[in-house]
Every structure is written in structure tokens, then in C-alpha cells.
Amino acid sequence: MSHRGFISRLSKEEQDFCDIQNAAAEFYRVNRIPEEVERALNELFFHRPEDIHGYLANYFTNLSAPPRISRLKGREVYDARGQPSIQTEVFCIVCNKEKSMSSAAVSSQSAMSQERADHVMTGVQWINEPLNNMLKIQNPCDQSEVDHILSNFFMARYLEEKDARNKDEESRSTSEPEAVLPSPPSAQTKDKKTVDKGKKTNTADKPFPPAEPPEPVLPGSLAIGSVSLAVAKSGAQIQDIPLYKYIAALKTREAPTQFHIPVSLVTLLSCGKNSPGKLSLLEEVILIPKAEQPVRQIITMTLELQKEMMRIINTSTKAGATHIILSDNGAPALTYERPEQPLDLISEACTNFGLALGTEIHLALNCAAPELMDYSKGKYEVATGVLKSPDELVDMYQSLISKYPAVVALIDPFRREDVDQWEKLSSVIGDSCSLLSDITYKSKAPPLPGVRGHILKHICETTVSDLIRITSEHQGTVLMGTTCSEPCSNDSLSDIAVGLGLDYVKLGGLNGAERMTKYNRLISIEEELAQQGILVSKEKHPPPLFSEKPQEQSTTAESTRPELTASGSSKKI
């Protein structure tokens, strides 16, 4: 190469280098890099930290761009009983790097294995494709916007499926022969009067209110709840605060300065229809401790009381129980025939243990009556071969509460359709006992007469924003874990209950990892709040469970979302 050519090439390299220098200077100037570096070095000198590079790393981390969701990953996992469920993992771009922030799974109510498998498969597909694309670059700390996107997506799928089913039903109806119409009401009344000649009344008996017709289930809705919770956990992690504080700030619009721990309602016994005995009415007998008792003390007391009950059963021939198994709700399931028997057992155990039943502890009964209705007879099968009409069931509850005044709450004593009986029972038990109804699938339904509290489960398409809204609208809400469809490692329910500021939380019995994980988390939160000096005691002494009647809910406002329904694992269509 000639000398002249070498000089020419060198000049070009120098010119390119000069251009790069100018571009870099402009880049640094526009992004104010020299000013920030100078400020960082000045603060570093004045603080003179032991970890110099760690200090600088934290300084510039605070100047980094806000995290953004980069992708979602949905996968099939297994719950506590080995049934398929959905888990959502959230990845975010943090400090220019992709990180796995959190994962979450929610419960399902579906018991049908094939139906559940279809729901899980659809939900995983929703997460990995449309929801992944819709939430990409969203701020994981903007929970309301994320939940709005999720709700709109679900509503679109809901309407699509509903429209498809309507068209399918129309096509079938046009191809089927015309159905024979029933006799007109006048003829039916006449026939009844003819048969019932011996009756002195001229009015027909009030018809038995039928159950709402079951509707097909929209698969995939598990994806909505799991994505919402996973994003909330990601937001809490990004802000470096516990999930309960994050949810509390979402609800109150600011970080609360004080917290209280919800009273744990612990399942003592199970005598439901899946128990070994004839009795079906008492799905759960629940212990209600005093409000100021620490969670650890409640657990210890309950375990000792259960131990004493088992001793009585094993040594007494009068106990009436001959077989014991562990129920899905984590409590002993006993062989009983009458509802008085488990209550007598608890009374005797409390006396032996030195607990004042009705003073130191109270009881709630989860009747789960909607599952006991024999529609062919229009009666509740409270025990094998023992049928009670709705009015007879009112008398039965009144007798139980009169005999056992320590019972201060009844959960789902009737179907929602038996409105008259809800009102009648409320009037006869007075202020000594609270009636609670499950609103997980009916949060927008008209309030039942006499109901003071509400049971709410976090399942399916219920978002974190939904939980905040529902618990704000309904006074006296008890957050309740499901019986057996929860992941063993999921302790979020405890954080949610504390963050929502609820008075009570029901986590189930004291057997099984899926329940004890939640109890342990509640203990951890309680200890953490006490150490920080922000734990307060909210005085709530039964009876009854809720001393004030909730405000009447508006029945005129129409929800823009379809209601949850109890007959499936996901939203009904």
C-alpha cells in the first residue's frame, strides 16, 4: 500500500471516530448522563458507603425505566388432590433484563375430571396466546388496567359462546316436533281442588320454587383469576412490599398505617353428605375464637380440643360415632345420625378441656343446604331417609339454636330460592344468630332477607379488582378457602384477607399442606405486623358473628359482567 493510500485510509478512520464521538456526546447530552453521573459521584462521596458499587447500582436502578410485562406463561399443574389446574407465570423487563416475577394458581369448583381437563387446556391456551399478547408491555403495577383488560377479554368470549349456543338451540328447535303444552293454570287448579276435596281451603298450595336451570360452563375462566393474582404478586414484588400491603393500598388508594388480622374460623368437624354417617346437614361445624387471640394460640387450642373429642369418641360408647375419616376440608368426618350429636360431643369436650362454650369460643354451622335438596320431593334430605320441607327446616334450625346458644352463625341454611324461609328463620332467631350466604357466584343478585354476612371464594375468573369491589359493596364478607382444589404452595388467600381488611377468614381444618400453608402465612403476617408496631386488635365479639345488619344492596344496577354460578368450575354462559 502506498504512503498516500495509508494517509487517506487513516483520515477516514479518524473521521469516523470523530463522528462516533459527536454522536455519543449528543446521546449523553439528550439523556442527561453527565449530570446524573456527576450527581451520583457527589452523593457517593458524601455518603461513602461500605459497598461502593452496590450503592451506585441502587442509585441507577432508581432511575431505570418502569418494569413492563414482557410475557405470560401458562402451564398445567396439579392441585392438592392431583387434579389438573392452571398456573400463570409473569415475566417482566426490569433494569433492561427479563425476570420471572411471580406465579399464581386459583381454585376450581369442577369435580368432573374430563370437564376440568378441558377447562385447563383452554385456559392455558388463553394465557399463552391472546392474553400474553394483550398484556405485553403493560405496567404490572397498574392492577385496575390489567383487570379491566382481563374482564373485557372474558366478556368477549362469554358473548361469543352465548351467541353460538343461542344459534345452536334455534337450529335444534326448528328441527324438533312441537312440544305438548301443559294444562292452563285454571285447569291445574281445578284438578287440584277435585283431588283435595277434603281440604277446607279453596286456595292452592304455594308452588315449590324450582332451582335455576343449569347452564353450560364457559371453559378457560381459570386463566383470568390466575393471571390477575400473578400480576398482583408481581406488582407487590416490584414495589418490594408484601402482597397484603399491596392489596390494602389498592383498596384504600393509599398505604394503610395499621392492620388487623382477620379472626380465623377453623373447621372442627364435618358431618356432611360425604361423611361416613347418615347425617348430611352439617357440612362443617366451625370454631369461632375470640377476636384478640393470636393465630398460633387459636391453632393450638383447636388441636387440643379435637384431641379431646377423639379421646371421648374412642372411650365412650354413648358418643354415637363408630367411624372417623379425614374430610376434604381438613377436619375429622364422623359417623352421626342427628345434628345434636356432634354439638353434644363438642360441648362435652369443651367442658373437659376447661373451655367456656358460648363465652370463650362460639360455633358456626355450614349447612350447605342447597346440596341436600331432593327436587323430586321438594324437600331437604338432612340425613339418609330423613326429609324436611323448607318450613320444617326452619323449625329444626330454631330448635338447634335454642338448645345450643353457642351457635351464632348459619351458613347457607337454605337454597337462595327459598326466600320466605330465609326471612322466617331470621325473624325467629332474632339477634342471637347471623345468617350467611355464599355470594361467590351471585355478587350482583338481590340480597336475601335476614342475611348479615357473605361467603366469598377466590376462584375462576374472579380478579383481584373483583375481590376489592365485592368486599367493599358487601359488609360482613368472609373470605373462604375451597375444600380440596387449591395448590399446596399457595398462601395468597391469607394476604388477600388481611389486605382487604376483613373481620373473618375461613381457611378450613388443620390437616393438609394446602390449608396449613395458609395458616402459617397468617401467623407470619401477624408476627411481622407486631414487630413493626402496626398491628391493632379489631374488637369483634360474637354473638352474633356480625352484630349489624348490612346495608341493602342496590338491585337496580345491572352488572356488565355475567354472574358467577355455582354449578360449574367457571363462568356460566
Side-chain angles (χ1 to χ4, degrees), residues 265-288 302 305-306 308-325 327 329 331-353 355-369 371-373 379-414 421 424-425 428-430 432-436 509 542-545:
L265 307 181
V266 187
T267 304
L268 269 177
L269 295 174
S270 178
C271 304
K273 64 179 183 179
N274 293 323
S275 65
K278 293 182 178 181
L279 182 62
S280 301
L281 180 63
L282 303 186
E283 179 68 27
E284 295 174 288
V285 182
I286 303 165
L287 181 146
I288 308 173
T302 305
L305 186 59
Q306 286 181 327
E308 176 61 21
M309 288 190 293
M310 296 305 103
R311 188 196 67 80
I312 294 173
I313 290 173
N314 292 329
T315 58
S316 174
T317 58
K318 298 179 181 179
T322 58
H323 185 52
I324 304 171
I325 64 172
S327 66
N329 54 36
L334 307 182
T335 304
Y336 280 132
E337 298 181 1
R338 297 177 292 104
E340 292 84 0
Q341 290 174 308
L343 298 177
D344 287 339
L345 172 64
I346 294 171
S347 299
E348 182 179 352
C350 285
T351 300
N352 296 348
F353 191 57
L355 276 175
L357 185 60
T359 303
E360 294 182 73
I361 65 170
H362 292 81
L363 301 175
L365 305 180
N366 182 8
C367 306
E371 302 176 14
L372 307 179
M373 174 56 69
K379 293 185 177 183
Y380 293 92
E381 189 169 13
V382 298
T384 304
V386 180
L387 299 171
K388 299 284 185 181
S389 69
D391 284 330
E392 290 172 336
L393 203 54
V394 171
D395 297 335
M396 184 176 184
Y397 289 134
Q398 184 182 8
S399 176
L400 275 179
I401 294 169
S402 176
K403 186 176 180 180
Y404 304 94
V407 176
V408 296
L410 297 178
I411 301 173
D412 285 339
F414 306 101
Q421 284 70 31
K424 183 178 179 181
L425 180 59
V428 298
I429 62 177
S432 64
C433 186
S434 295
L435 302 183
L436 282 69
L545 198 62

Would you compute the distance between atom [atom1] of [X] and atom [atom2] of [Y] and round it to the nearest 0.5 angstrom?
{"X": "Asp395", "Y": "Gln421", "atom1": "CG", "atom2": "CD", "result": "10.5 Å"}
{"X": "Leu363", "Y": "Cys350", "atom1": "CG", "atom2": "SG", "result": "7.0 Å"}
{"X": "Phe414", "Y": "Leu435", "atom1": "CZ", "atom2": "CG", "result": "8.0 Å"}
{"X": "Lys273", "Y": "Thr384", "atom1": "NZ", "atom2": "OG1", "result": "11.5 Å"}
{"X": "Asn366", "Y": "Thr267", "atom1": "CG", "atom2": "OG1", "result": "8.0 Å"}
{"X": "Leu287", "Y": "Ile361", "atom1": "CG", "atom2": "CD1", "result": "4.5 Å"}

| query | Are Leu365 and Val285 close enough, and set up right, to give a side chain to side chain contact (heavy atoms under 4.5 Å, CB included), and what steps lead you there? | reply | CA-CA 5 Å; Leu365 305 180; Val285 182; 4.1 Å; yes
Please tell me if the side chains of [X] and [Y] come closer than 4.5 Å, counting only heavy atoms from C-beta onward.
{"X": "Asn352", "Y": "Arg311", "result": "yes"}
{"X": "Leu269", "Y": "Met309", "result": "yes"}
{"X": "Leu410", "Y": "Leu436", "result": "no"}

| Please walk me through it: do Gln341 and Leu279 pass side chain to side chain contact (heavy atoms under 4.5 Å, CB included)? | CA-CA 10 Å; Gln341 290 174 308; Leu279 182 62; 6.0 Å; no
| query | Does Glu337 use its side chain to pair, donor to acceptor, with the backbone of Gly277 at less than 3.5 Å? | reply | no
| query | Taking Ser280 for the side chain and Ala383 for the main chain, is one N or O donor matched with an acceptor at less than 3.5 Å? | reply |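 A pair under 3.5 Å: no.
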Any idea which heavy atoms bring [X] and [Y] closest together, and the distance?
{"X": "His362", "Y": "Gly358", "value": "NE2-O, 2.9 Å"}
{"X": "Leu372", "Y": "Cys367", "value": "CD1-O, 4.1 Å"}
{"X": "Pro339", "Y": "Leu282", "value": "O-CD1, 3.9 Å"}
{"X": "Ser275", "Y": "Ser270", "value": "CB-O, 4.1 Å"}
{"X": "Glu392", "Y": "Lys388", "value": "OE1-CA, 3.4 Å"}

What side-chain donor-acceptor pairs closer than 3.5 Å can you find for residues 397-406, not counting sequence neighbours?
from	atom 1	to	atom 2	distance (Å)
Tyr397	OH	Pro413	O	2.9
Tyr404	OH	Glu340	O	3.4
Tyr404	OH	Asp344	OD1	2.7

| query | Is a side-chain donor-acceptor pair under 3.5 Å present for Asp391 with Ser389? | reply |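 There is no such pair (donor and acceptor under 3.5 Å, judged by atom type) between the side chains of Ser389 and Asp391.
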| message | Checking Glu381 now: which residues fulfil salt bridge (charged side-chain N to carboxylate O under 4.0 Å, His left out) with it, not counting sequence neighbours? | response | none
